[in-house]
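Heads up, the thing below is written out as C-alpha cells.
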Amino acid sequence: MRMTLLSVAWRWVPGVVLLCLIGSGRGLAGDQHLVVPGHQRFAGNTLSAEDAGRVLVSELNCQSCHGEFAGLPLPARKAPVLTHVGQRVNPEFIHRLLEDPQKAKPGTAMPLIPGATTKEAREALVAFLTDGANWRPGAVGADAVRRGEALFHRVGCASCHGDQRDPETIRQLRLGLNPVNPDDEEDEEKKDVPAEDWKAPDFVMPLGKLDDKYTLSSLIDFLRNPHAVRPSGRMPSLNLSPEEARDIASWLLRDVKVEPNIRFEYYEGDWSELPDFATLKTSFAGRTTDFSAGVTDRKDSFALRFSGFIHLPSDAEYRFHLSSDDGARLKIDGDVVVDNDGVHPAGFREGKAVLTAGAHELVLEYFEAHGEEAIALEIEGGGLSRQPASGLVTLTNEPPKKEETENKPADGSLVEQGRKLFASLGCAACHQHGDGDRQIKWTGTAPAMAGLQSEKGCLAETVATTVPAFAFSPEQRTHLRAALAAQKQPRSEDRKAELRLGMVTMNCFACHARDGLAPDASLNHVFTGSIPEMGDEGRVPPALDGAGDKLNDAWLRTLLNEGAKDRPYMATRMPKFGSDQGNPIVDRLIALDRQPDEAAFAQAEAEHRVKADARMLVGDKGLSCIKCHIFDRHAATGIQSLDMTKMTKRLRREWFVRYLLDPQKYRPGTRMPAAWPRGQVAYPDVLGGTAQAQIEGIWTYLADGSRAKVPSGLQREAIELKPADRPLIYRNFLEGLSPRGIAVGYPEKAHFAWDAEHLTPRLIWHGAFIDASKHWVDRGPGNQVPLGDHVMTLPAGPPIAELPSLDQAWPDKNPRELDYHFKGYSLSKEGVPTFRSEWKGITIADTIVPFAASPDNGLARSLTITAANRPQNLWLRLGSSANVKEENGEWVVDGVRFRIEGGEPAVRTMNGRQELLVPVNFDKDGTAKLRVVMVW
Amino acid sequence: MRLLLSSFFLLLSCSALSAQQAPTENDYYPLERFRIPDGIVLEAGAIEPLPDGTIAISTRRGDIYRVSNAWDKDTSKVKFELFAQGLHEVLGLTYRDGCLYATQRGEVTRLKDTDADGRADELEAFCDAWSINGDYHEYAFGSPFDKDGNMWVVLCLTGSFGSDCPWRGWAVRIDSNGKMIPTCSGIRSPGGIGFNAKGDVFYTDNQGPWNGTCSLKWLRPGSFQGHPGGNRWFSQTEGGAKSAPKEPQSGSRIMTEADRIPEYEPPVILFPYQKMGQSASGIACDVTQGKFGLFENQMFVGDVTHSTVMRCFIEEVNGHYQGACFPFREGISSGTLALRMTEDGTMFVGGTNRGWGSRGTKPFSLERLRWSGKVPFEILEMKAQSDGFALTFTEPVNRELAAKIETWKFETYCYIFQSSYGSPEVDHTKPKVTKVDVSDDGLHVRVHLDAVQRGHVHELHADDLKSASGLPLLHSSAYYTLNYIPAEK
C-alpha cells in the first residue's frame, strides 16, 4: 500500500494515466457549487459569458496548473498558504475538506483531489500538514460573542458574507430602512412577505462551520491579518483591533463545545473588597469553560473563586490582562500577578509574570457588590498572541490531551508520505508550503492552457477519477468554456471593462456603486452610521464614479493598499486589499476619470493673508463650514462630517474647486450646500471677491493640515486674553518657543512672544492675542499657538554673538549652555516690558512696542546694549532664512520687512541659509542703541 | 420689635440645639469663606502676608493679587487688587526686604513695586537654573526662606515616572544670591512645601510610583526621597562629586530599603490612602504660641481630593522625624492646595480643583480658619514607645473608659515600595492591647501593645472614649507611621 501511495500522481497526458485509486466514490455534497461572490452576482445579467469565465479563471487560479492565461483583470487569487496550517486549523477539518470539500466548507474553490480519496492518503497528508502542531479548541466568552455579532454586522464583514442574523431580525431592519406605508396599497404585499424571504442572498461568501475549523486564537490571528495566509486580498483586512478581532472571532465560534476545564466555587455575601476565601463556606461548586460571572443568575452580592492549571508553551514573561466589575485578583502558583480589587467598573489591569513552560496553578478570585458584573482574563507572551486565558486551562496539571482522532501520534514515515503526496498530488501547485527554497514544488504536470479542450479534464460534464473535481455549476462550466474559447482571439484593451471586471473580482460592488453597478438592495441594511441626520450619505460607502479624479494618487493607493477610516460617522470601514490588487485598480481609476492638472492659482495677496481670510470664511463669521465638518481635534458644532484638515491629504485641488462650486454635480443628493451658488460670492470683500480665489484660498489654508489655525466658532470654551487698556503678558508653554515663553499682547493687535531661554523674540503676529483655555482648562497639557493670524517666526537665540570674521557660524547651542542669562523684565508705567539679558558682562535691554502701520500695525524693537570693554565684533542676528533680500532700504525675510536704524546690516550665506546681521557699534561710554522696525 | 423678638427666639433655640448635639469641627475652628469678585479666578497656589497688612495670593493662572481686609471680622470687606499678571503657575510666594519672591514653573522671580503704584514693575529672574521640558506635571513649589537664608524649591518629575531634564525630581535650595544648590533627590509629585517649628523643611508627595500612598517627607539635606527617576542628575552635582544612592528594590518595603540605602529618608507620615486623603498638598505649621489653640508647633497638611486640612504631630526618633496624622477640618469649598498660618493664628486656605477633582464643589476658593477659643476633645500628641504609644489629650479623659483595654483598637499595615503606581495596604497585623495606664490628671494615656511593627502605619480607633466631661473625641482615629521603634526607657 505504501508503494502505491507514493506512486500516486495525476497526469493529464492522454492515455498515460498512471494511477492507482481505491474506491470509486466521488460524491459531492448535494447541489453546493463553488462560490465567487462577484461572479455569482453579475454573471447572469451584467457580464458576458466570456468575462464571467475570466473571473472564474482568476478566482480558481487555473494558471497554477495550466500555465499562463492572458489578460486577467487582476493577479489571480492564490490558494491559502499552508505553512503551519496545523497550528490554526483542526486536523479533523482538513480530513473532511479533502474528503468532501463542499460539505466541509460550502462554496470553497478547493476541488476533490484524485489521490486523496483514500483514507490512508488523507491521513498521510494531515499528518504532514499538522506535524508538530497541537490543535485544541478553547471556550469563548458570552460578552465577546454578543459584541462580536454586532461588530460583524457593522464593520463590513456582512457585505461579503451576508447578514447572519435570523430572518425576522433582518426583516425588521430592512423594514426600518424602508418602512411600509400603510396608506400605500402597493406596499400591502410587502407586509405579508414571510420572514424567510428576507434571508441573505445567494451571492455571499458562505462562512461554513468555523467552529469545526479554527481555535479562537487562530481565528483572531487570521482576522487581524488575513493576508498572511490568503495573500491575494479577496479576504481583506478590516484593520481590526485585537479586541475587535477577539469579539468577532468569539461570535463566529459561538457554537464551539468544549469540556468544562475550570473549577469554580460560588459564595454569597456583601463585600466591598475581595473576601478571604479560606474563611468562607461555598454555596455550590462546579466546573465551567470560561471565567465568567454567568455561572450564577445572581446579579449582586456574590463571589467566585475559579481554579485550574494553566499550560504555557515556553519559558517567558507573560502578561495577564484582568478586567472585572467589581474586584478580582489573579494568582499564579500562589503569587498575586494582577490585583484589581475594590468596587469599580470593568477595565483591564495588567500584570506580568516570568513563568516556565508547562503547568502552573491558577486561581482567580472575583466578587460582585452591585451594579454591572463582568470578568475577563486574557494572556499574551511566550509566543501567544493576546487571547482569553480560559482556553489554556485544565482541571489537572496533566498536559492537555490532543484531540482524539483516529490518527495515532504522527510517525515520521507517515509525515514523509504526506509530504511527498503534497508535492505529487498537486496540492503544491496551488498552496504554498514553506518559504523560498523550502517551498514544496509540484512534481506533476497538466496540459497547457492554450491546448485545453473545454469539454474535457476538469470541465467535463462527468469528471474522470483522474483529475481534480471542482464543484462547478453548469453555468460556471459554460462561462469557463467561453473564457477558454475567447482566449484564442486577440482582445482589444478596454480599460472601462477591465476596471469593472477587476471590481467584480474584488467584490467592490458589495459596498460601492460605480458605472451603473451598485450594492445589492438586500444587504443595504448592513450599512449603518452614527448620525441618522446624515441619511444614506452617513452610512453607505460612497459611489466611486469619478473617484480617480477626486482623490489624489497617494490617497487612492493608501485606501486600497492599507484601508482607511476617514468617515467617523460611518460604521463600515474601507478594508485593506493590498498593493497587488489595489494598484491595478487605482491605475485604471486614474486613467479613466482624471481631468487634467491645473497650474497653481495666483492669489493677489501674500500667503499668510490668504490663509487668514480663508480661516474667516471657514469659521462661524463666514461660511460656517465648521458647523458640519470636524476640524482636527475639534468636533463640528452640528453633525460630524469629514475632517477638513485631512481634505488636502486626500483630495485633488482641481476637483475640490470644481466640487465646491457645484457639489450636487459630483455627489448627487449630498447635503453639502453650494456656498457659491452659480459662482455668486457672499463675501465680496474677501480674497478679491471671486469664488475661485476664495475656494483656492480655503485649499491653501487647509493644506496646513492639523497645523491650520482653528477657525472661529470651534473653541467654545475659549478663554481669550484681550489686551484692552494696557499690554497683557502670558507666560506659558508656547508652540515654537522653549518652555520659557513670554507672550506679550498689545491693544494695537500686534503681539510677540519672547523666549526667556533664547533671549530673543521668536514669534510675532496680528489680530487676536492668546486663547488661554489650553492651559487654563483641566490640567492644561501641551503648547499653545497664538490665537491671531499672520504668525511669523524669528530666529532662535542667542541674540548677539561675537564673530571675529563673517565666515564664522552663528553659535547654535542653547544660549544657557553658552553662559547667556535671562535677567527678567521691568514694566513701564503703561505696562510695556523691557526684557533684560546678560552675556559675559554685556547687558541687553530689549523693548518691543507696536506702531501704526497699514494694513496692520507693526512692531518696533529697541535694543540697548552695554559693554564696558566695547567688543568690536559683536553682531545682532535678525533673520535666518533661505532667502533675505533688500527692497527700498528694507530687508525682507520670510514675509517680514525689517527697517534697521543704528547699524548697517550685512547679509551672509552660512550653511545654505542667509542671515541678516546687524553690527553692534558702541559709543565711547560702552553703549549701543539699535532700532528694528518690523511690518508683515 | 417683632423682628427682634423672633431673632432672639431663634438664637435661643439654636443654642439649645447645640447643647444637645455632639459638637462639630465648626464649633472649634469655624470656616469662613471670602467672596471672590466676578472676573477673578483665584486658583490659589500660594499665600503670603505682607508688611502693609495685606496678603499676597498667587494663582495657577499666573496672577498675584494683594488682598486687603483679610483679617476683618466681616469677610465681605475683603478687597482684591492685581499686583502682577502673566506669570507661569505660581506655587510659591515669600516676602523679604521689600520684595516678593514668586516661584513659577521655570523660575523664582523677585518682584518689586519701585514706584509704589500697587503693581509690580521689576520682575527679576532670581533663579532659573533648573530645566523644564514643557510637560504639565513640571510643577515647582517654593518655600519661604529658611533659617539659613535659603529658599527651597521642589521640582516635580517630567511625568509620573521619569526625569527628562535636570533637576526634575529634586529639591533645590537657592541662596540669597540666587545660586541654586541641588539638595535632595527622589522627589515624585509634590503638593506643597513648608517648615516645622524648628525650621526643618518638609514637603508632601503623592501616591504613584515609589509612593504607595501620599506622605509628608523631611527634606534632610543630602537625602534621597524614594523615587529614583531624578537620580540620573547626580553626575551634574557640583563637580560630579556626589554619587547616586543605590537603586531601590521594587516590590520591597520602605524600611527594608531605608536599612539598605543610607541616603533614603523614609516618609515622616504616611497618609493612608482613602482613609485620610488622596492628594496631599500645602503645609502650615502653628508657631503662634497658642493663638490657634492647643496645637502649638504641630503641622497642618491639606488634601485636594478630600477638601480637608489634616493635623500632624511629629517627633524625633533615632535622628529621624516620624509621627501621626489626625483628621482636623473638612468641608473646604474646593480642593485644598495652599495653606498659610499668619502670626495672629489665622490659617488661610486656598482651593482649586482644576485637573484634579475634589469633594468641595467650587472650582476655586479662599477661606480662613480661626480658633473659636473652645478646646476640642482631641488626641493632642501620639508618641511612639518601645511597646506601644503614649497619648496626650487636650482635655482630661474619662479615666474609667480610658483604662479599658477594648477602648483602644489598633491595626497595622504598610505599603509596597515599588516602581508601579501606588500600592494596596499590605502585611496587616492586629496588635493586642496588653495594658493601659491613665495619668492622674487624665491627660495622658499609655497604651502597651503585645507587638509593634517597624515600618508600619499604626491605625488607632478610640470611638468609645469620652472626656471627663462626657464628650466623645472630635476625631477618634489616628495614624502613626512607625519607621523607628524607640529604645526602652
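Numbered from 1 within each chain, the chains take letters A, B, ... in sequence-line order.
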Short donor-acceptor separations (under 3.5 Å), chain A to chain B:
unit_1, atom_1, unit_2, atom_2, d
Ile729(A), N, Gln85(B), OE1, 2.7
Ile729(A), O, Gln85(B), NE2, 3.0
Arg731(A), N, Gly86(B), O, 3.2
Arg731(A), NH2, Glu107(B), OE1, 2.5
Arg731(A), NH2, Glu107(B), OE2, 3.2
Asn732(A), OD1, His88(B), NE2, 2.9
Arg740(A), NH1, Gly106(B), O, 2.5
Arg740(A), NH2, Trp130(B), O, 2.4
His775(A), O, Arg354(B), NH1, 3.0
Trp776(A), O, Arg354(B), NE, 3.4
Asp778(A), O, Arg354(B), NH1, 2.9
Arg779(A), NE, Gly355(B), O, 2.9
Arg779(A), NH1, Tyr136(B), OH, 3.2
Arg779(A), NH2, Gly355(B), O, 3.3
Arg816(A), NH1, Asp128(B), O, 3.2
Arg816(A), NH1, Asp128(B), OD2, 3.4
Arg816(A), NH2, Asp128(B), O, 2.5
Arg816(A), NH2, Trp130(B), O, 3.4
Lys823(A), O, Ala125(B), N, 3.0
Tyr825(A), N, Leu123(B), O, 2.8
Tyr825(A), O, Leu123(B), N, 2.8
Leu827(A), N, Asp121(B), O, 2.7
Lys829(A), NZ, Asp115(B), OD2, 3.0
Lys829(A), NZ, Asp117(B), OD2, 3.3
Arg836(A), NH1, Glu122(B), OE1, 3.4
Arg836(A), NH2, Glu122(B), OE1, 3.1

Portion of Ile742(A) that has a non-hydrogen atom of chain B nearer than 4.5 angstrom = neither
Is it the side chain or the backbone of Val744(A) that comes within 4.5 Å of chain B heavy atoms, both, or neither?
-> neither
Give, as side chain, backbone, both or neither, the part of Ala84(B) having an atom under 4.5 angstrom from any heavy atom of chain A.
-> neither
